[in-house]
Amino acid sequence: MGDRYLDRLNDAQRAAVTHGVAQGTTTGAPPLLVIAGAGSGKTSTLAHRVAHLIVNGADPRRILLMTFSRRASAEMARRVGRICAQVLGNRAGPMADALAWTGTFHGIGARIIRAHAEQIGLDPAFSIHDREDSADLMNLTRHELGFSKTESRFPTKNTCLAIYSRAINAEQPLGDVLLKHYPWCAGWQEQLKTLFGAYVAAKQAQNVLDYDDLLLVWAQMMGDPVLAAQIGDTWDHVLVDEYQDTNRLQATILLGMKPDGTGMTVVGDDAQSIYAFRSATVRNILDFPSAFPIPATVLTLDRNYRSTQPILAAANAVIEQASERFAKTLWTDRESEALPRLVCVKDDADQARYIVQRVLEEREQGTALKQQAVLFRASHHSGSLEVELIRRNIPFVKFGGLKFLDSAHVKDVLAMLRFAENPRDRVAGFRVMQLLPGVGPTSARRMLDAMQATPDPLATLAHATPPARAGAGWTGFVAMTQGLRTRTAGWPSEIGLIRHWYEPHLERLHEGAATRLADLRQLEQIAGGYPSRERFLTDLTLDPPDATSDQAGVPRLDEDYLILSTIHSAKGQEWRGVFVLNTVDGCIPSDLGTGETEEIDEERRLLYVAMTRARDFLDLIVPQRFHIHGQHGLGDRHVYAARTRFIGQDMLPLFETRAWPLVPPEDATRQEAARQVRIDMAARLRAMWK
Ligand code: ATP
Ligand code: MG
């Protein structure tokens, strides 16, 4: 009677949930792999399995449950709690609370390393560097070794960190990593080796670990049989969601903890592997069945419970074209008349307007904003949409990447613009001056005080003695402010001017310079829609107060808000309605060039992930014109975009294609009539003088 939750499951799901659980025993089950397509209930099955184990007497403190993000693991723990509650009543609370080992690989790694720090000669008080800190330390080390001064350009701190990170996570020798992924850096192999050695030494001297260390140290511990046994014995059950997106190092850790595979369950979908760029390898999931002395049990789920049949048919058609995959086609009984839509719009601005209109329509018909999501390939693609949402006062939350207008680099550039607009704006001045190397809060404050006291602050700035430690950067900064003051570049080119000035600072100050630069180009685009600097700044930052980016971007949690998310961050989730931005070549796939088959396939899987997030309606937007950023030295330009190559002509019957906005018939007649007009203007002008 207690296990009515099992009735909700289909046979394959139930087999996975109850695998190895017999009367009174929950331990000793052979390894289990659930490999199945999107929306087939993998995550749900995993949650049911954990609950089933607990209900049947497993000790929740001895269950390790790893998911891809903290958000996902919190959600999973909640689900487990709910299922347990149905059986255990008020005993469920304490049981679910005891499920202490849930989290991401990195989070769990940190706990394990701290717990065993003494045994491996680490100070348990070590601190953890995020990517930005790591890039800074890498930069410092690079600088101390004199590599930043080499005559030909040494890889940037972010490239160095990416190379280092890949060698660690993919467990590949440096030479191979360079050859395969960074051929243009291959000439620096010796120097990079020295750099990485010094970087590791610096981390040790400062008692810090970076993200990669959280996996690396854990994996190294698994190399010691005594430690490995001790750590592995902490849990009877180890369960992993989204296994297709783990890397070699993570597989090493898992296999090290449970060499015979008992108590191990992993679930995933090879068709959704989208993290190869971070060294994830689909081989982990494909090799899992044969990784143990006793072969793993493999179960597949083929019924999709999420999407309507037409949405599923379109998604299946996209993934069927992949060059390499485990063939598995999903079915559903969720009939629907509504085909997914392919919507042709003119450009980015129309794309934003279309989405706002559709989202509001759907809300009118009862679909909350929270039940609708807009997905995109790269964080900066949503720039125009964010501006439109703010303008229309529609609350939204953005996942993956920073919120466009709130991200540090966009704020830096806007601060420069504001400072030029109003040099007495201390907040802006304080921010921009400290972008310069050698300028700290004290000297910035002193300079601003001096400016404050004069009638012409920018003139004062130009003639002031630079702060003591400010280098050549100061001169460039002063020239920049003068240029903006005289408005020689004109609007909106001023933003481009600032971007050029800001670029070296950006590289020095922030990680991920390339994406951030793309954001700034996007900002320039958006600025083009405003008649002047003042209007732009006013609209964006101040006015009206209830529609500032802060309020539109961070609604209270009990409010309704639209979801904006990169496709990567949408993994594992679902919404009633999904809009996909820029379903064009150059965005999905992101490279206009041909690219390697492997990379193109990963882009195809991304589109598949995006489409399979939708339950009831799905709109793929195809702008006819989109803006690309200076590739191959051609500068920024608008290009005529083509629908993504992943939706071929033969797939069109699976979609409803439409153009937006629809031209009203009377307009169309008028436009057609106007097109018919033929006037010989030259003759007419000549005739005036006859
Ligand atoms: P993804 O591949 O996107 O991670 P998934 O395979 O993990 O998807 P879930 O998110 O677990 O799938 O489930 C998808 C949806 O199907 C959820 O809304 C879930 O509640 C529902 N679902 C799963 N199994 C069943 C079932 N047996 N009966 C009814 N609904 C189900
Ligand atoms: Mg899932």
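As the structure lists them, so they are numbered: ligands from 1, and atoms in each ligand from 1.
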Can you see whether [X] engages [Y] through a side-chain donor-acceptor pair at a distance of less than 3.5 angstrom?
{"X": "Thr43", "Y": "Asp241", "answer": "yes"}
{"X": "Ser165", "Y": "Asp212", "answer": "yes"}
{"X": "Gln372", "Y": "Arg358", "answer": "no"}

**Request:** Dump the intermediate steps for side chain to side chain donor-acceptor pair (under 3.5 Å) on Lys398 and Ser379, then the final yes or no.
**Result:** CA-CA 9 Å; Lys398 183 169 173 181; Ser379 181; 3.1 Å; yes
**Message:** Counting only heavy atoms not in Asn90 (residues, nucleotides, ligands), do more than 12 fall under 6.0 Å from its CG?
**Reply:** no
**Message:** Does atom CD (Glu364) have a neighbourhood of more than 12 heavy atoms from anything else shown, all under 6.0 Å?
**Reply:**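 Result for CD/Glu364: open.
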So which protein heavy atom does [atom] come closest to, and at what separation?
{"atom": "atom 13 (O) of ligand 1", "result": "Gly41 CA, 3.6 Å"}
{"atom": "atom 10 (O) of ligand 1", "result": "Arg306 NH2, 3.1 Å"}
{"atom": "atom 21 (C) of ligand 1", "result": "Tyr305 CB, 3.7 Å"}
{"atom": "atom 24 (N) of ligand 1", "result": "Gln13 NE2, 3.0 Å"}

If the cut-off is 4.0 Å to any non-hydrogen atom of [X], which atoms of ligand 1 fall inside it?
{"X": "Ser44", "answer": "11 (O)"}
{"X": "Gly572", "answer": "4 (O)"}
{"X": "Lys42", "answer": "1 (P), 2 (O), 5 (P), 6 (O), 7 (O), 8 (O), 11 (O), 12 (O)"}

**Message:** Considering Glu574, Gln272, Arg613 one by one, which has a heavy atom nearer to atom 3 (O) of ligand 1 than any of the others?
**Reply:** Arg613
**Prompt:** Do the ring planes of Phe288 and Tyr243 sit parallel (below 30°), tilted (30 to 60°) or perpendicular (above 60°)?
**Reply:**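 Ring orientation of Phe288 relative to Tyr243: perpendicular.
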**Message:** Closer than 3.5 angstrom, by distance alone: can the side chain of Arg61 be matched with the main-chain N or O of Ala98 as a donor-acceptor pair?
**Reply:**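 Not at all, since once roles are kept as given, no pair shorter than 3.5 Å links the two residues.
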**Request:** Using modelled atom types only, decide if a donor and an acceptor are shared between the side chain of Arg658 and the backbone of Arg341 within a distance under 3.5 Å.
**Result:** no
**Asked** Can you check whether Ile355 reaches Leu389 side chain to side chain, under 4.5 Å on heavy atoms?
**Response**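 No, too far: nothing below the 4.5 Å cut-off.
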**Item:** 4.0 Å protein heavy-atom contact status of atom 19 (C) of ligand 1, strictly under
**Value:** no
**Item:** Polar atom proximity, Gly39 to ligand 1 (N or O, under 3.5 Å)
**Value:** yes
**Request:** Quick one: do Gln357 and Glu361 satisfy side chain to side chain donor-acceptor pair (under 3.5 Å)? Show the steps, please.
**Result:** CA-CA 6 Å; Gln357 181 187 313; Glu361 260 170 39; 3.1 Å; yes
**Request:** Take every heavy atom of Ala47, measure it against each atom of ligand 1, and state whether any distance is under 4.0 Å.
**Result:**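 False for this residue.
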**Prompt:** Closer than 2.8 Å to the Mg ion (ligand 2), how many protein N/O/S atoms do you count?
**Reply:**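 For the Mg ion (ligand 2), the figure is 1.
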